[in-house]
Visitor: 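Sending over a structure as structure tokens; questions will come in a sec.
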Protein chains: 2
Amino acid sequence: MEEIAAFGVLGERLGLQLHYADVRAMAGLAARLSPLKVTPARATAIVYIALHAGCDQTTLGRALGVNRASTMKAVDELEVLGAIERRPGRDRRTNALHLTAAGETLRARIEQETLAHDQAAFGALTVAEQAELSRLLSKVRSDSASA
Amino acid sequence: MEEIAAFGVLGERLGLQLHYADVRAMAGLAARLSPLKVTPARATAIVYIALHAGCDQTTLGRALGVNRASTMKAVDELEVLGAIERRPGRDRRTNALHLTAAGETLRARIEQETLAHDQAAFGALTVAEQAELSRLLSKVRSDSASA
DNA sequence: TATTGTTATACTCTATAACTATA
DNA sequence: TATAGTTATAGAGTATAACAATA
């Protein structure tokens with residue numbers, strides 16, 4: 001990808017700057033997670049299931065921002081990977097999602113790699129700058145939610 | 001999409017916060033550009049061609065961060081849309097990309113919508129905060145480039 | 001009637017590989 | 001040999017629509 005300056009006035013837009021930063025960060029994270037055989041999206045699913053053991057697929061899908069059909073594919077993949085399992089849920093319609101022992105090991109490695117990536121990607125910022133970036137981003141998110 | 005808090009420790013990562021902010025901003029921009037029949041990616045191509053009239057497809061692709069095959073599809077679409085045209089290039093292998101009159105009109109509307117979106121998405125920040133966010137993002141980008 | 005999981009299907013975006021015509 | 005454009009094909013990722021079982 002070329003320089004933002006190549007886009008003139010629009011290159012000064014915060015939206016474009018934000019997008020470029022995100023694309024680069026996501027590519028870096030994907031590369032780091034690649035040896036673990038998970039994408040950032042799958043890794044996010046694993047982390048969510050770890051924190052919400054027994055949740056159903058619809059709930060997971062909502063958390064990930066995808067519909068039930070897409071959630072199916074994710075859950076199928078993670079099951080084939082041996083990271084999670086479907087157990088009987090609160091009623092006969094629902095599955096309760098749980099990490100397997102292998103999934104817990106994987107989750108730990110994901111957390112490690114993810115935090116290491118964060119440090120690599122944002123390490124150029126001082127601690128104060130990181131806190132400020134976090135504050136600004138949360139302000140942006142809460143606003144664009146209402147827009 | 002649910003709350004970042006649903007991801008525990010990893011929800012505090014700047015990478016996730018950045019990604020969520022970007023996903024929301026891009027969705028908003030896509031919705032705004034939708035009546036113009038262009039996606040954010042196509043809009044970016046139009047803006048680039050406007051600023052680099054006569055550029056070839058390979059150069060455009062590099063600027064957009066996609067390969068030649070993907071660039072073909074983008075150029076084809078924009079040509080069907082009537083926004084750009086392929087003219088003879090600097091040698092017989094290359095095309096020189098130019099906006100049509102309709103493309104110039106479209107570019108103006110894209111610029112207007114894009115700037116309006118930026119204001120909507122980042123309007124919650126003061127001017128000083130916007131400048132600071134821009135500074136922090138450029139620092140992140142320049143660092144992750146070397147990482 | 002509404003919800004959950006499921007399946008089939010299709011669409012978008014992007015990539016790889018191979019071909020052609022030029023250079 | 002290398003480059004620009006092109007084409008065909010395939011792989012992610014996601015969505016919609018419909019169905020069965022259950023509530």
Side-chain angles (χ1 to χ4, degrees), chain A residues 1-2 19-20 22-24 26-27 29-31 33-34 36-46 49 52 54-81 84-98, chain B residues 1-2 19-20 22-24 26-27 29-31 33-34 37-46 48-49 52 54-81 84-98:
Chain A
M1 213 178 285
E2 214 170 295
H19 185 59
Y20 270 50
D22 185 49
V23 167
R24 288 201 189 180
M26 289 300 287
L29 179 61
L33 292 176
S34 159
L36 305 184
K37 307 296 178 197
V38 290
T39 61
R42 297 292 175 265
T44 304
I46 288 176
I49 293 168
H52 304 85
C55 73
D56 62 39
Q57 296 183 188
T58 300
T59 305
L60 173 64
R62 243 189 301 264
L64 299 177
V66 297
N67 69 8
R68 283 176 300 156
S70 300
T71 307
M72 267 294 300
K73 201 181 160 189
V75 170
D76 283 350
E77 273 182 36
L78 293 178
E79 207 172 33
V80 167
L81 195 66
I84 71 168
E85 58 185 14
R86 290 166 159 113
R87 295 188 200 156
R90 65 179 181 285
D91 61 41
R92 279 187 224 175
R93 290 177 302 180
T94 57
N95 296 325
L97 304 177
H98 291 270
Chain B
M1 213 177 289
E2 212 171 295
H19 185 59
Y20 270 50
D22 185 48
V23 167
R24 288 200 187 179
M26 290 300 287
L29 180 60
L33 292 176
S34 160
K37 307 296 178 197
V38 290
T39 62
R42 296 293 174 264
T44 304
I46 288 176
Y48 185 88
I49 293 169
H52 304 86
C55 71
D56 62 39
Q57 294 183 189
T58 299
T59 304
L60 171 65
R62 244 191 301 265
L64 300 177
V66 298
N67 68 8
R68 283 176 299 155
S70 299
T71 307
M72 267 294 300
K73 201 181 161 190
V75 171
D76 283 350
E77 273 183 38
L78 293 178
E79 207 172 32
V80 168
L81 195 64
I84 71 167
E85 57 186 14
R86 290 166 158 112
R87 296 188 199 158
R90 64 179 181 284
D91 61 38
R92 278 188 227 177
R93 291 178 302 182
T94 57
N95 296 324
L97 304 177
H98 290 270

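Atoms considered below: every heavy atom in the structure, side chains included; atoms not considered: hydrogens, waters and symmetry mates. Note that the structure is a prediction, hence the values are computed from the model and not measured. Throughout, a chain's letter reflects where its sequence line sits, starting with A, and its residues are numbered from 1.
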Visitor: Whole-Å distance between C/dC13 C1' and B/Met26 CE?
Guide: 13 Å
Visitor: Atom CG in B/Leu29, atom OG1 in B/Thr39: separation rounded to 0.5 Å?
Guide: 9.5 Å
Visitor: Would B/Thr71 and B/Leu64 satisfy side chain to side chain contact (heavy atoms under 4.5 Å, CB included), going step by step from the backbone distance to the final call?
Guide: CA-CA 8 Å; B/Thr71 307; B/Leu64 300 177; 5.6 Å; no
Visitor: How far does NZ of A/Lys73 sit from CG of A/Asp76, to the nearest 0.5 angstrom?
Guide: 10.0 Å
Visitor: Less than 4.0 angstrom between a side-chain N/O of A/Thr94 and OP1 or OP2 of C/dT4, yes or no?
Guide: no
Visitor: Between B/Cys55 and A/Ser70, which residue's closest nucleotide on DNA chain D lies nearer the 5′ terminus?
Guide: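 Checking each residue's closest nucleotide, the 5'-ward one belongs to B/Cys55.
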Visitor: Without decimals, in angstroms, what is the distance between A/Asn67 CG and C/dC11 C1'?
Guide: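 Atom-to-atom, A/Asn67 to C/dC11, this comes out as 13 Å.
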Visitor: How many angstroms lie between atom CD1 of A/Ile84 and atom CG of A/Leu97, to the nearest 0.5 angstrom?
Guide: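 Separation between the atoms: 5.0 Å.
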Visitor: How close or far is atom P of C/dA15 from atom CE of B/Met72, stated in whole angstroms?
Guide: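 My rounded result for the distance is 15 Å.
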Visitor: Which part of the nucleic acid does B/Asp56 contact within heavy-atom distance under 4.0 Å: base, sugar-phosphate only, or nothing?
Guide: sugar-phosphate
Visitor: Nearest 0.5 Å, what's the CG-CZ distance between B/Asn95 and B/Arg90?
Guide: 10.5 Å
Visitor: Taking for each residue the nucleotide of DNA chain D bearing the nearest heavy atom, is the 5' side occupied by A/Glu77 or by B/Arg90?
Guide: B/Arg90
Visitor: Taking A/Arg68 first and then A/Asp56, would you say they form a salt bridge - that is, a charged N and a carboxylate O separated by under 4.0 Å?
Guide: no
Visitor: Please work out if A/Arg92 contacts a base, only the sugar-phosphate, or nothing of the nucleic acid, heavy-atom cut-off 4.0 Å.
Guide: sugar-phosphate
Visitor: I want to confirm an ordering. Mapping B/Lys73 and B/Arg68 to their closest nucleotides on DNA chain C, which one lands closer to the 5' end?
Guide: B/Lys73
Visitor: What is the distance, to the nearest angstrom, from the NE2 atom on A/His19 to the P atom on C/dC13?
Guide: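 Distance, rounded to whole Å: 12 Å.
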Visitor: Ignoring backbone atoms, establish whether A/Thr58 has a side-chain N or O less than 4.0 Å from OP1 or OP2 of C/dG5.
Guide: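 Yes, within the criterion.
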Visitor: List in chain and number order the residues that pass side chain to side chain contact (heavy atoms under 4.5 Å, CB included) with A/Val38, two or more places apart in sequence or in another chain; answer none if no residue qualifies.
Guide: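 A/Val38 satisfies side chain to side chain contact (heavy atoms under 4.5 Å, CB included) with A/Leu33, A/Leu36, A/Arg42, A/Ala43, A/Ile46, A/Leu81, A/Leu106, A/Ile110 once adjacent residues are dropped.
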Visitor: Between which nucleotides of DNA chain D, 5' to 3', does chain A make heavy-atom contacts below 4.0 Å?
Guide: D/dG13 to D/dA23
Visitor: What is the distance from CG of B/Asp76 to P of C/dT12, rounded to the nearest Å?
Guide: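 Whole-Å distance recorded here is 15 Å.
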Visitor: Would you indicate what B/Thr39 reaches in the nucleic acid, counting non-hydrogen atoms under 4.0 angstrom: base, sugar-phosphate, or nothing?
Guide: sugar-phosphate
Visitor: Closest to the A/Arg93 side chain: C/dT6, C/dA21, C/dT3?
Guide: C/dT3
Visitor: Send over the distance from A/Asn95 CG to C/dT4 P, rounded to a whole Å.
Guide: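 Atom CG in A/Asn95 sits about 12 Å away from atom P in C/dT4.
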